Amino acid sequence: MSLSTAEDDSASEIHIPSDIDWHMLDKSRFFFLGAALFSGVSAALYPIVVLKTRQQISTTPISCFNMSFAIMRHEGFRGFYRGFGTSLMGTIPARALYMTALEVTKSNVGTITVRLGYSDTTALAIANAAAGLSSAMAAQLVWTPIDVVSQRLMVQSCSNVSNVKNSIPSVSSYSYTNGLDAFRKIMYSDGFRGLYRGFGISILTYAPSNAVWWASYSVAHRLIWGGFGCYMAKNKKKYDENENGCFRPDSRATLAVQGLSAAMASGVSALITMPLDTIKTRLQVLDGEENGQRRPLTIAQTVRNLVKEGGFGACYRGLGPRWASMAMSATTMITTYEFLKRLSTKTID
């Protein structure tokens with residue numbers, strides 16, 4: 001019995017749209033369309049990531065408005081897209097690894113948990129959590145070097161912005177012209193390890209974050225549909241008009257439930273993992289000084305600096321943009337992802 005079958009059998013009053021398993025997808029169409037769709041999503045949300053990153057490295061709190069105004073005034077609209085080309089190049093292979101690990105793990109773990117006798121909701125939450133964990137770990141193999149390079153490009157000019165220059169520490173002794181130049185200079189100064197700065201903390205940030213997000217999403221998704229089922233049961237006249245006494249939600253209702261579930265899951269995930277994300281960003285971007293020489297900061301030094309600057313609250317700088325970014329990204333991602341899976345379903349002759 002597959003997880004998707006279990007999900008279909010769980011709702012007698014509402015026919016929840018069935019899940020599409022890995023074996024049902026046309027892989028070439030799935031990856032080609034996925035690269036195009038998610039590239040567009042990344043482009044739309046990239047300015048929020050720039051704001052979040054600059055707030056996280058700031059030594060004093062700076063509002064989103066002041067930061068945005070300073071970027072627009074001194075760098076223009078292009079300032080919101082520093083490092084985007086590099087980020088986009090990494091998005092395609094990272095997303096491919098992410099989606100493959102996600103679907104394969106979810107399908108296999110879901111089948112096993114159902115066979116072990118777990119309830120449908122529990123089985124779905126376990127499968128989604130395991131899928132989120134494995135997909136994040138797989139994607140970080142590609143994404144960490146891309147993250148290091150793109151974030152260096154995002155913040156390299158912000159110390160020259162008059163409104164915020166006193167709040168931004170020196171991020172690098174190098175000036176980068178583009179992603180390839182940054183890659184070359186990081187390799188020259190720090191070697192291969194420089195590209196994987198913060199890899200461990202990235203895993204500790206994104207793996208639990210993805211596990212929490214996917215588990216929360218699956219639970220929220222079913223709870224919302226369950227509440228909708230109770231509402232339909234009270235409106236028996238409308239309910240009975242549907243085929244076989246089963247309400248089949250239209251695409252707008254499905255989209256709304258997916259979006260709301262994603263936003264709820266993002267709020268939970270952002271609050272839990274924000275301190276780790278702030279530490280990760282600083283490790284990847286900032287340097288320390290020792291005997292007049294620049295050296296990468298350690299986790300302990302980064303934590304001490306944050307506590308000195310503003311206590312535990314300093315770890316939550318950039319929470320607003322991160323939550324907004326996660327909520328919009330997740331809402332767009334999950335609706336786009338479900339749409340992509342339906343577009344990529346194999347045709348049965």
Side-chain angles (χ1 to χ4, degrees), residues 38 42 49 52-53 56-57 83 86-87 89-106 108-109 125-152 154-155 183 186-187 190-218 265-287 295-306 315-319 322-323 325-326 329-330 333 337:
F38 285 112
S42 298
V49 178
K52 185 267 302 182
T53 302
Q56 285 179 318
I57 68 164
T86 301
S87 179
M89 283 193 298
T91 294
I92 296 173
R95 283 288 184 186
L97 273 174
Y98 184 93
M99 293 187 294
T100 302
L102 182 75
E103 288 300 324
V104 170
T105 306
K106 185 163 62 171
N108 291 332
V109 174
I126 293 172
N128 276 277
L133 192 69
S134 67
S135 59
M137 293 178 71
Q140 282 308 308
L141 293 172
V142 173
W143 190 249
T144 297
I146 297 297
D147 214 18
V148 170
V149 174
S150 63
Q151 286 185 143
R152 293 286 185 97
M154 282 181 203
V155 304
F183 177 86
I186 292 170
M187 283 291 290
D190 299 330
F192 189 72
R193 290 179 60 186
L195 292 173
Y196 276 88
R197 262 204 209 184
F199 179 72
I201 199 76
S202 293
I203 294 294
L204 289 175
T205 300
Y206 291 121
S209 176
N210 267 267
V212 169
W213 191 93
W214 280 103
S216 301
Y217 173 79
S218 66
S266 297
V268 174
S269 183
L271 282 171
I272 292 173
T273 61
M274 185 65 200
L276 287 172
D277 188 67
T278 300
I279 294 168
K280 173 198 74 71
T281 300
R282 287 190 166 217
L283 282 173
Q284 291 177 332
V285 171
L286 302 181
D287 288 329
R295 296 188 182 278
L297 290 169
T298 64
I299 293 177
Q301 288 172 327
T302 303
V303 172
R304 279 200 302 270
N305 289 343
L306 280 167
C315 295
Y316 280 87
R317 284 181 191 150
L319 177 62
R322 184 167 188 251
W323 182 85
S325 174
M326 285 184 69
S329 177
M333 182 272 292
Y337 190 62

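Starting from 1, each residue takes its place in the sequence as its number. Only a predicted model underlies this, so the values are computations on that prediction, with no experimental measurement involved.
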Donor + acceptor pair across side chains of Ser150, Ser87 (<3.5 Å): no

Quick one: CZ on Arg322 to CD on Gln56, what's the gap to the nearest 0.5 Å? 7.5 Å

Using 0.5 Å steps for rounding, measure from the CD atom of Gln140 to the CD1 atom of Ile201. 11.5 Å

Backbone N/O of Thr100 and side chain of Glu103: donor-acceptor pair under 3.5 Å: no

Identify the two heavy atoms, one from Met274 and one from Gly318, that lie closest to each other, and give their separation to 0.1 Å. CE-C, 3.6 Å

Do Thr281 and Thr53 meet the criterion of a side-chain donor-acceptor pair at a distance under 3.5 Å? no

Not counting sequence neighbours, which residues clear side chain to side chain contact (heavy atoms under 4.5 Å, CB included) with Arg193? List them please. none

On a heavy-atom basis, which atom in Ser135 and which in Ala101 lie closest, and how many Å separate them? CA-CB, 3.7 Å

Partner residues of Ser216 under the side-chain hydrogen bond (donor to acceptor under 3.5 Å, both in side chains) criterion, sequence neighbours left out: none

When you look at Thr144 and Leu195, which way does the side-chain contact (heavy atoms from CB on, under 4.5 Å) test go after all the steps? CA-CA 7 Å; Thr144 297; Leu195 292 173; over 6 Å; no

Set of side-chain hydrogen bond (donor to acceptor under 3.5 Å, both in side chains) partners for Ser266, sequence neighbours left out: Trp213

Between atom CD of Gln284 and atom OG of Ser202, what is the distance when rounded to the nearest 0.5 Å? 4.5 Å

Student check: side-chain heavy atoms of Thr298 and Leu283 closer than 4.5 Å: no

Can you list everything that forms a side-chain hydrogen bond (donor to acceptor under 3.5 Å, both in side chains) with Trp214? Sequence neighbours excluded, please. Tyr98

Straight-line distance of Thr105 OG1 to Asn108 CG, nearest 0.5 Å: 7.0 Å

Can you establish whether the number of heavy atoms outside Phe183 located under 6.0 Å from its atom CZ is more than 12? no

What's the spacing between Thr273 OG1 and Leu204 CG if we round to 0.5 Å? 11.5 Å

Is it true that a side-chain atom of Tyr217 and a backbone atom of Val212 form a donor plus acceptor pair closer than 3.5 Å? no

Rounded to the nearest 0.5 Å, the CG atom of Leu133 sits from the OH atom of Tyr206 at a distance of 15.0 Å

Using the side-chain contact (heavy atoms from CB on, under 4.5 Å) rule, take Met154 and Val49 through it: C-alpha gap first, then chi angles, then the decisive distance, then the call. CA-CA 9 Å; Met154 282 181 203; Val49 178; 3.8 Å; yes

Can you list the steps and then say if Lys280 with Gln151 is a side-chain contact (heavy atoms from CB on, under 4.5 Å)? CA-CA 11 Å; Lys280 173 198 74 71; Gln151 286 185 143; 3.8 Å; yes

For Leu306, enumerate each residue passing the side chain to side chain contact (heavy atoms under 4.5 Å, CB included) test, keeping only those at least two apart in sequence or located in another chain. Thr278, Ile279, Arg282, Thr302, Glu309, Ala314, Cys315

If you apply the rule side-chain contact (heavy atoms from CB on, under 4.5 Å), what do you find for Asn210 with Met137, and how did you get there? CA-CA 10 Å; Asn210 267 267; Met137 293 178 71; over 6 Å; no

Under the side-chain hydrogen bond (donor to acceptor under 3.5 Å, both in side chains) test, which residues partner Ser218, sequence neighbours left out? none

